[in-house]
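Okay, structure first, notes after.
We count ligands from 1, going down the list as the structure has it; atoms in each ligand are counted the same way.
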Amino acid sequence: MSKISKIGVLTSGGDAPGMNPCIRAVVRTALYNGLEVVGIKQGYKGMIENDMYPMQARSVSNILNLGGTILKTARCLPFRTDEGQEAAYQNIKAQGIDGLVVIGGDGTFTGALRFSQKYPDIAVIGIPGTIDNDLYGSTYTLGFDTATNTVIEAIDKIRDTADSHDRLFFVEVMGRDSGAIALRAGISCGAEAILLPEKSTAIDELIRHLKAGESKKKSSSIVIVAEGDKSGGIYDLAKAVQKEVTNYDIKVAVLGHLQRGGAPSSFDRVLGSRMGYAAVNALIAGESQKMVGLEANHIKLTPLSEALSHHDFKLEADLLQMVEVLSI
Ligand code: F6P
């Protein structure tokens with residue numbers, strides 16, 4: 001692989017708090033090493049539509065504390081086609097970009113891997129930026145910590161009113177395919193039950209468990225339901241449970257996209273900085289088709305193909321078991 005001289009950076013897929021500190025680190029690490037940097041707007045869409053601009057050290061001033069992404073983001077369907085990838089490649093070549101840093105989740109990496117396999121003269125390094133914490137090769141993804149803290153803050157407030165009224169709340173959190181936020185938030189907020197996409201829910205068992213809570217004189221209860229849970233949607237679920245669990249008035253709260261916003265936590269600012277810095281150093285070292293991850297507090301590189309193929313990525317079994325014990 002020839003020496004890198006110009007890097008393009010983009011954010012793609014769902015935004016995540018920590019993306020801005022990460023962009024800042026990419027830009028400044030590249031400039032520090034004498035490379036040029038180009039910001040690509042709206043992920044792969046900007047590559048296809050040639051929406052890019054040169055970035056300087058001051059382009060990323062005062063963004064450490066900002067949620068969202070200054071580069072904007074999109075889920076880009078045309079990049080899945082050969083024509084879309086070819087148009088993106090022509091624009092990247094015309095800009096003189098020879099290395100890409102792509103910040104996003106598994107959809108972003110699928111596109112990146114295909115692109116770099118077709119056009120191996122463009123080196124690509126991925127950074128796991130998603131609140132879902134569902135990528136093999138990194139214990140934490142960027143944005144997960146902040147999003148979980150946002151959820152905890154919201155559920156603590158729900159708990160106050162639930163307790164005042166002796167109510168049972170079903171709270172939906174994000175995670176189409178991942179129960180990571182639900183599990184962490186459930187432990188942190190003392191949830192009575194946590195419903196996850198990774199685990200099927202026996203409604204009868206849930207009802208039995210909630211009735212047992214009634215008889216143990218619990219004044220309020222919280223059930224956390226991850227968006228991707230397969231038991232038929234939070235409203236129908238709450239209705240079905242209300243028929244059987246009659247001592248509590250049941251309410252539903254859907255937290256939605258507020259979970260993706262807000263200032264990044266200290267953890268995500270440091271993680272974003274570390275990952276951005278490591279991604280540029282990896283490109284300089286001649287690496288490509290790899291993802292930067294954090295394992296045992298050390299940065300490590302995992303082939304994108306491996307990060308994507310481990311769909312059996314599991315939630316920690318000990319945490320799942322612990323929830324049952326701690327909610328007696
Ligand atoms: O991938 C992150 C995520 O927030 C998922 O948890 C959620 O299911 C999805 O994005 C929502 O995506 P959109 O903002 O496109 O509706």
Side-chain angles (χ1 to χ4, degrees), residues 10-20 22 41-46 67-80 102-113 126-155 170-186 188 194-199 224-235 237 252-265 267-268 271-272 275 291 293 304 307-308 310-311 313-315:
L10 62 82
T11 49
S12 159
D15 60 353
M19 281 182 163
N20 282 327
C22 188
K41 301 290 291 289
Q42 290 189 285
Y44 297 128
K45 188 164 182 271
T69 157
I70 61 160
L71 292 175
K72 299 192 179 283
T73 184
R75 299 190 196 274
C76 178
L77 294 180
F79 194 68
R80 296 188 189 169
V102 300
I103 309 167
D106 53 357
T108 303
F109 291 169
T110 304
L113 182 59
I127 294 180
T130 165
I131 64 165
D132 289 345
N133 207 37
D134 59 350
L135 280 160
Y136 176 83
S138 193
T139 312
Y140 294 106
T141 59
L142 210 48
F144 170 63
D145 181 68
T146 308
T148 306
N149 281 312
T150 301
V151 168
I152 290 170
E153 203 184 317
I155 296 180
F170 279 71
V171 183
E172 186 188 277
V173 302
M174 272 187 162
R176 198 164 24 215
D177 303 308
S178 162
I181 290 179
L183 181 57
R184 287 293 197 292
S188 307
I194 308 171
L195 277 49
L196 308 160
E198 292 88 344
K199 211 172 154 248
I224 300 188
V225 184
E227 189 188 359
D229 172 65
K230 314 266 181 330
S231 46
I234 192 164
Y235 289 100
L237 183 66
V252 171
V254 175
L255 298 187
H257 283 79
L258 72 84
Q259 295 164 85
R260 289 230 298 258
S265 63
F267 183 84
D268 279 327
L271 185 65
M275 287 181 164
M291 182 193 87
L304 282 176
L308 286 167
H310 283 66
H311 286 302
F313 181 75
K314 293 256 189 335
L315 292 175

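For atom 15 (O) of ligand 1, the closest non-hydrogen atom on the protein side is Arg75 NE, 2.9 Å. The shortest contact between atom 16 (O) of ligand 1 and any protein heavy atom is with His257 NE2, 3.5 Å. What sits closest to atom 6 (O) of ligand 1 on the protein, heavy atoms only, is Asp132 OD1, 2.7 Å. Residue, atom and distance of the protein heavy atom nearest to atom 3 (C) of ligand 1 are Arg260 NH1, 3.5 Å.
Within ligand 1, the atoms closer than 4.0 Å to a non-hydrogen atom of Glu227 are 6 (O), 7 (C), 8 (O), numbered from 1 in the order shown. Under a 4.0 Å criterion applied to the non-hydrogen atoms of Met174, ligand 1 contributes the atoms 4 (O), 6 (O). Within ligand 1, counting atoms from 1 as listed, the ones closer than 4.0 Å to a heavy atom of Ile131 are 4 (O).
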Please determine whether side-chain contact (heavy atoms from CB on, under 4.5 Å) holds for the pair Thr108 and Ile103, giving the CA-CA distance in whole Å, both sets of side-chain angles, and the decisive distance to 0.1 Å.
CA-CA 8 Å; Thr108 303; Ile103 309 167; over 6 Å; no
Going through the distances and angles, do Asp106 and Leu135 end up as a side-chain contact (heavy atoms from CB on, under 4.5 Å)?
CA-CA 7 Å; Asp106 53 357; Leu135 280 160; 4.0 Å; yes
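Using a 4.5 Å cut-off on side-chain heavy atoms (C-beta onward), Asp177 and Pro197 make no contact.
For the 3.5 Å distance criterion, the side chains of Asp145 and Ser265 qualify, holding a donor opposite an acceptor.
The distance from atom CG of Leu195 to atom CD1 of Ile224, rounded to the nearest 0.5 Å, is 10.0 Å.
Residue Gly175 has at least one N or O atom closer than 3.5 Å to an N or O atom of ligand 1.
The proximity of Gln259 to ligand 1, defined as any non-hydrogen pair under 4.0 Å, does not occur for either the backbone or the side chain.
For the side-chain contact (heavy atoms from CB on, under 4.5 Å) test, residues two or more places apart in sequence or in another chain that qualify with Ala112 are Tyr44, Val102, Val124, Leu304.
Asp268 pairs in a side-chain hydrogen bond (donor to acceptor under 3.5 Å, both in side chains) with only one of the listed residues (Asn149, Thr141, Thr146), which is Thr146.
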